[in-house]
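Computed over heavy atoms, backbone and side chain alike; hydrogens, waters and symmetry mates excluded. This one's a predicted model, so the numbers in the text were calculated from it and none came from an experiment.
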Amino acid sequence: VAERMLARRAAARCVPVEPIRGTGSPPLRLPARARAVRVARGWFHSPPSVERTVAALSTLSPAAPALLEALSLRGLVLGAPASAMLAAFLATPAAAALRDLDVGANRGMGPEGVAAVAAVLPALRDRLRRLCLADTAMGAAGGAAVAAALPALQLLEELDVGGEGVEATSAVVRALPAGLRVLRVSSHGALGSPEAVAALGDGLRGMDPGLEELRIVSGGGPGRVLGADAVVALVARVLRPMARSPRPLRVLELGGVRLEGEAAAGLAEVLPGMVGLRVLRLAGCDPGDEGAAALAVVEALPPGVVAELEL
């Protein structure tokens with residue numbers, strides 16, 4: 001049935017795939033000329049069924065020119081075995097045109113699975129524009145593997161490593177490609193220690209012309225926020241140098257931190273100098289005493305900047 005449904009949609013640019021259920025299911029074949037594949041999360045799926053679904057990628061046409069441009073395996077039970085199968089596919093000619101790869105929200109990958117995928121990323125250097133490895137529990141070893149692959153991805157424009165810890169995030173941000181436009185990290189990974197903030201600042205300083213969007217999302221779970229000292233360090237080591245970047249920062253998202261006292265004052269001081277800023281989003285922050293600190297930050301924004309508050 002799945003094969004007949006996919007055959008009817010063979011001409012579609014995006015092919016959504018339901019993970020195969022049950023141990024007796026026959027191999028799934030995808031339309032050989034699919035340009036985009038998104039595997040949807042099923043209600044009852046297991047690692048074996050997901051592995052069979054990943055194996056179906058081998059049915060895509062390897063003939064030149066390669067056609068597949070986008071692949072999303074987000075939010076599945078993608079473990080180390082399926083990650084190894086994915087890595088094997090990414091190394092084939094059928095994946096040579098891939099521009100968008102999303103394996104986020106697969107914490108079963110772990111360091112081993114992320115390292116397997118990272119090892120073949122340089123093969124995608126000529127086309128890959130967007131990469132999501134958020135919430136994959138990559139750990140220090142996985143972060144080091146991703147960091148080793150990033151210098152080859154000079155066309156990469158968007159990178160998401162949100163939900164990762166200090167060691168992994170620090171390793172990745174030190175190796176950011178120079179042309180990256182959008183970076184998404186978690187507050188606890190990027191601001192969780194003075195060394196982490198320094199790593200973020202050093203990584204961004206090596207970029208030319210610089211980021212357009214910096215999204216630091218809440219990463220410590222409900223009710224967990226970092227102290228105001230994290231924001232003070234962010235202002236000093238990251239935002240103040242970015243205000244002098246050749247490419248003005250257009251979107252700044254900040255979550256999972258406490259906005260009070262010196263933190264709010266530092267933000268209020270640096271934001272007027274960020275002349276290219278168009279959107280400030282404060283989400284999942286502690287707004288300080290009755291929200292007065294957050295309001296002080298918003299009032300300091302230059303004219304024309306949209307403030308989005310989810311406090």
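- In this structure, Ser187 OG and Ile216 CD1 are separated by 8.0 Å, a value rounded to the nearest 0.5 Å.
- Ion pairing of Glu157 with Arg181 is present here, as a side-chain N (NZ or NE/NH1/NH2) and a carboxylate O approach within less than 4.0 Å.
- In this structure the side chain of Phe89 reaches within 4.5 angstrom of the side chain of Leu68, judged on heavy atoms.
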- request: With side-chain contact (heavy atoms from CB on, under 4.5 Å) as the test, would you mind laying out the steps for Arg240 and Val235 before giving the verdict?
  value: CA-CA 6 Å; Arg240 208 179 299 280; Val235 170; 3.3 Å; yes
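- Arg129 places a side-chain N or O within 3.5 Å of a backbone atom of Arg127 that can act as its donor or acceptor partner.
- Considering only heavy atoms from C-beta on, Glu260 stays 4.5 Å or farther from Val231 through its side chain.
- At a threshold of 4.5 Å between side-chain heavy atoms, the hydrophobic network of Ile, Leu, Val, Met, Phe, Trp and Tyr places Leu239 and Val232 in two separate groups.
- Counting non-hydrogen atoms of neighbouring residues, nucleotides and ligands closer than 6.0 angstrom, the CZ atom of Arg250 reaches no more than 12 such neighbours.
- Among residue pairs with one or both ends in residues 162-177, none qualify as salt bridge (Lys or Arg N to Asp or Glu O under 4.0 Å); sequence neighbours excluded.
- Listed here is the closest heavy atom pair of Leu200 and Ala190: CD2-CB, 4.2 Å.
- Placement of Val182 and Leu128 in two distinct hydrophobic clusters is found when ILVMFWY residues are connected by side-chain heavy-atom separations under 4.5 Å, directly or transitively.
- Atom CG of Leu124 is separated from atom CZ of Arg99 by 12.5 Å, given to the nearest 0.5 angstrom.
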message: Could you go through Glu213 and Arg184, starting from their C-alpha distance and side-chain angles, then the distance that decides it, and tell me whether this counts as salt bridge (charged side-chain N to carboxylate O under 4.0 Å, His left out)?
response: CA-CA 8 Å; Glu213 299 183 20; Arg184 183 179 182 272; over 6 Å; no
Under 3.5 Å donor-acceptor pairs involving side-chain atoms of residues 270-280, not counting sequence neighbours:
residue : atom : partner : partner atom : Å
Arg278  : NH1  : Val275  : O            : 3.4
Arg278  : NH1  : Gly276  : O            : 3.4

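- For the pair Glu308/Leu282, no side-chain contact is recorded, criterion being any heavy-atom separation below 4.5 Å from C-beta on.
- Nearest heavy atom pair, residue Ser83 against residue Ala116, reads O-CB, 4.5 Å.
- Of all heavy-atom pairs between Asp286 and Arg258, the closest is OD2-NE, 3.1 Å.
- Annotation: the span from Leu90 atom CG to Leu71 atom CG amounts to 7.0 Å, rounded to 0.5 Å.
- For the atom pair Asp135 CG and Arg107 CZ, the distance stands at 5.5 Å (nearest 0.5 Å).
- A heavy-atom distance below 4.5 Å is found between the side chains of Leu86 and Val103.
- When the side chains of ILVMFWY residues are joined at heavy-atom separations under 4.5 Å, either directly or via intervening members, Val297 and Val251 end up in two distinct hydrophobic clusters.
- Val161 and Val120 fall within the same hydrophobic cluster, where Ile, Leu, Val, Met, Phe, Trp and Tyr residues are linked whenever their side-chain heavy atoms come under 4.5 Å apart, directly or through other members.
- Annotation: side chain of Leu267 is in contact with side chain of Leu254 (closest heavy-atom distance under 4.5 Å).
- The two residues Ala283 and Ser218 have their closest heavy-atom pair at O-CB, 4.5 Å.
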task: Test side-chain contact (heavy atoms from CB on, under 4.5 Å) on Leu153 and Leu159 and set out the steps.
output: CA-CA 11 Å; Leu153 304 178; Leu159 176 63; over 6 Å; no
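- Residues Arg125 and Leu155 have side chains not in contact (no heavy-atom distance under 4.5 Å, counting atoms from C-beta outward).
- Ala171 pairs by the side chain to side chain contact (heavy atoms under 4.5 Å, CB included) definition with Ala147, not counting sequence neighbours.
- Atoms OG and CG, from Ser72 and Asp100 in turn, are 7.5 Å apart once rounded to the nearest 0.5 Å.
- Put simply, the side chain of Thr169 never gets that close to the backbone of Val166: no donor and acceptor are under 3.5 Å apart.
- Looking only at side-chain heavy atoms (C-beta outward), Leu183 and Leu176 come within less than 4.5 Å of each other.
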task: Evaluate the criterion salt bridge (charged side-chain N to carboxylate O under 4.0 Å, His left out) for residue pair Arg215 and Asp160; output intermediate values, then yes/no.
output: CA-CA 9 Å; Arg215 299 183 178 273; Asp160 186 351; over 6 Å; no
task: Please lay out, stage by stage, how Leu214 and Met242 fare under the test side-chain contact (heavy atoms from CB on, under 4.5 Å).
output: CA-CA 10 Å; Leu214 175 59; Met242 290 187 77; 4.1 Å; yes
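- Ala296 approaches Ala268 most closely through the heavy-atom pair O-CB, 4.1 Å.
- With hydrogens and angles ignored, the 3.5 Å screen pairs no side-chain donor or acceptor of Glu112 with any backbone N or O of Met109.
- Within the 3.5 Å criterion, the main-chain N or O of Gly108 finds no donor-acceptor partner in the side chain of Asn106.
- Between atom CG of residue Leu101 and atom CG of residue Leu156 there is a gap of 10.5 Å, rounded to the nearest 0.5 Å.
- Using a 4.5 Å cut-off on side-chain heavy atoms (C-beta onward), Val185 and Leu191 make no contact.
- Heavy-atom contacts from other residues, nucleotides or ligands closer than 6.0 Å to CD of Glu262 number 12 or fewer.
- Heavy-atom minimum distance, Gly256 versus His188: O-CE1, 4.4 Å.
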